[in-house]
Amino acid sequence: MHLSKINVRGIRNIKQAALSPSPSINIIYGRNGSGKTSLLEAIYLLGRGRSFRSPRLRSVINTESPECLVFAVLNDGPEGQSCNETPIGVRRSGSGEFQFKIAGQQVYTASLLAEKLPTLVVNSDTFALVDGSPGDRRRFLDWGVFHVEQAPRELWRKHQRVLKQRNNLLRRGKIDREQLQVWDREFAELSEQVADYRESYFARFVPECQAAYKALSGEEVDLEIELFPGWQKKTSLRDELKASFQRDKQSKTTNVGAHRADLKLKCGGRSAVEVLSRGQIKLLVLAMQLAQGRILRKIKRRDCIYLLDDLAAELDRMNLSRCLAFLADQRDQVFLTGTDRHTLLSVMPERIYQDPAVFHVEQGVVTAEPLADAVR
Ligand SMILES: Nc1ncnc2c1ncn2[C@@H]1O[C@H](COP(=O)(O)OP(=O)(O)OP(=O)(O)O)[C@@H](O)[C@H]1O
Ligand SMILES: [Mg+2]
């Protein structure tokens with residue numbers, strides 16, 4: 001699966017762009033502020049229905065455009081054959097109206113687009129997988145849980161609803177213990193179901209992530225990953241809720257449950273964030289995202305699209321070269337940006353299965369560059 005055509009209109013400084021990307025590696029280069037990240041943002045908008053940079057989509061729309069639009073042709077035929085072409089598109093007006101279309105049909109939730117176009121991003125914010133909050137890691141894990149384990153999103157919504165009800169009750173001056181027990185029962189059941197889905201996915205994730213990190217860093221590394229489900233699993237969640245009552249009452253919030261789950265990343269027995277350098281953290285977050293894509297391919301036989309913003313930043317030539325080799329072997333479509341095309345092209349592995357496509361971005365104008373010109 002890959003995007004064979006992309007049209008962008010009115011995204012940040014890109015007023016209009018049309019490109020025919022390579023099914024393998026696409027290099028997008030240009031000076032600071034030229035519009036490289038904006039191009040990735042456009043592709044992300046197509047796959048996720050939102051931006052990776054801003055919670056307010058209004059700021060994504062070009063200041064002189066009434067709306068933004070991304071349209072693409074998704075090709076999910078066998079490699080090299082242009083069959084099964086599906087047009088997909090997303091449009092967002094200045095007044096906030098959203099429209100998603102798959103094969104000319106309007107769809108009403110972004111999750112349908114996400115299923116059609118699994119998209120994974122690595123940018124400076126992705127460091128949060130290692131140095132950010134547990135919520136960042138839960139969202140990451142749940143991407144795999146939804147795409148691979150096909151967990152029902154409704155279960156997550158229900159869990160969230162019951163948690164909210166329980167917290168509302170805890171906020172009252174006088175807590176009705178009987179009513180609390182009713183919520184506890186339902187909350188514990190839902191939390192345990194969420195935890196089961198996460199555990200199944202986690203069992204697939206650990207070996208893939210360890211293998212990817214080893215391949216990217218070129219070292220034998222002692223990377224340990226643990227899944228904390230959100231409570232100490234020695235006891236049942238209902239017992240933990242009971243034991244945590246005084247604490248919950250004081251803090252007016254539920255302190256145990258699947259909403260407190262986290263991934264613990266350790267190297268040589270110590271927290272990864274404390275021992276790894278910035279470059280090593282970047283390799284680790286790349287390994288985490290690449291592991292997600294590999295599991296998707298292995299289990300669901302699906303490809304995904306990688307958006308790698310400023311890939312070369314923080315990486316030395318050896319590590320950058322290993323990353324590109326790993327990406328090329330994975331055979332997913334990759335869009336990577338950088339300010340300098342030579343750095344990226346000079347470490348591109350020779351055995352790459354198809355020539356990369358090169359695009360130059362200048363003041364929001366995207367131009368395809370023949371590879372022969374790009375390497376000059
Ligand atoms: N809504 C908007 N309308 C028009 N231009 C915008 C809008 N939002 C941001 N810009 C401008 O778009 C330009 C492109 O930004 P972008 O982040 O894509 O650049 P970049 O090529 O990734 O740069 P860098 O190499 O520094 O990461 C910036 O100059 C920014 O000021
Ligand atoms: Mg950028």
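Both counts, for ligands and for their atoms, begin at 1 and track the order of listing. Below, each value reflects all heavy atoms present in this structure, side chains not excepted, and no hydrogens, waters or symmetry copies. All residue numbers refer to positions in the sequence shown, counting from 1. Quick caveat: nothing in here was measured; it's all calculated off a predicted structure.
Shown here, atom 30 (C) of ligand 1 is out of close reach of the protein: none of its heavy atoms lies under 4.0 Å off.
For atom 25 (O) of ligand 1, the closest non-hydrogen atom on the protein side is Lys36 NZ, 2.7 Å. With hydrogens left out, the protein atom closest to atom 1 (N) of ligand 1 is Ile61 O, 2.8 Å, a heavy atom. Here the heavy atom of the protein found nearest to atom 15 (O) of ligand 1 is Ser38 OG, 3.7 Å. Looking from atom 17 (O) of ligand 1 to the surrounding protein, the closest heavy atom is Arg53 NH1, 2.8 Å. For atom 7 (C) of ligand 1, the closest heavy atom belonging to the protein is Arg12 CA, 3.6 Å. Of the protein's non-hydrogen atoms, the one nearest atom 3 (N) of ligand 1 is Thr63 N, 3.1 Å. Considering only non-hydrogen protein atoms, atom 23 (O) of ligand 1 sits nearest to Gly33 N, 2.7 Å. Among all non-hydrogen protein atoms, the one lying nearest atom 26 (O) of ligand 1 is Asn32 ND2, 3.2 Å.
Between the side chains of Asp309 and Thr37, a donor-acceptor pair is found at a separation under 3.5 Å. Side-chain contact of Ser191 with His159: a donor-acceptor pair under 3.5 Å is present, judged by distance alone. Inspection of the Asn26 and Ser22 side chains reveals no N or O donor paired with an N or O acceptor under 3.5 Å. In this structure, a donor-acceptor pair under 3.5 Å is absent between the side chains of Glu362 and Ser34. At a cut-off of 3.5 Å, with distance as the only test, no side-chain donor of Glu208 or Tyr213 sits close to an acceptor on the other residue.
Between Tyr44 and Phe52, the ring-plane angle classifies as perpendicular under the 30° and 60° cut-offs.
Near Gly35, meaning under 4.0 Å from any of its heavy atoms, are these atoms of ligand 1: 14 (C), 18 (O), 19 (O), 20 (P), 21 (O). Short contacts between ligand 1 and Asn62, defined as distances under 4.0 Å to a heavy atom of the residue, involve ligand atoms 1 (N), 3 (N), 4 (C). Distances below 4.0 Å separate heavy atoms of Arg31 from the following atoms of ligand 1: 21 (O).
Ligand 1 lies less than 4.0 angstrom from a heavy atom belonging to Ser34.
Contacts of Glu41 with ligand 1, taken as heavy-atom pairs under 4.0 Å, are absent altogether.
Just one residue in the list Leu3, Leu120, Leu46, Val121 forms a side-chain contact (heavy atoms from CB on, under 4.5 Å) with Ile305, and that residue is Leu3.
Heavy atoms of other residues, nucleotides or ligands lying less than 6.0 angstrom from CD of Gln105 number 12 at most. Few gaps surround CD on Gln106; more than 12 heavy atoms of other groups in view lie less than 6.0 Å from it.
Below 3.5 Å of separation, one finds no N or O of Thr339 facing any N or O of ligand 1.
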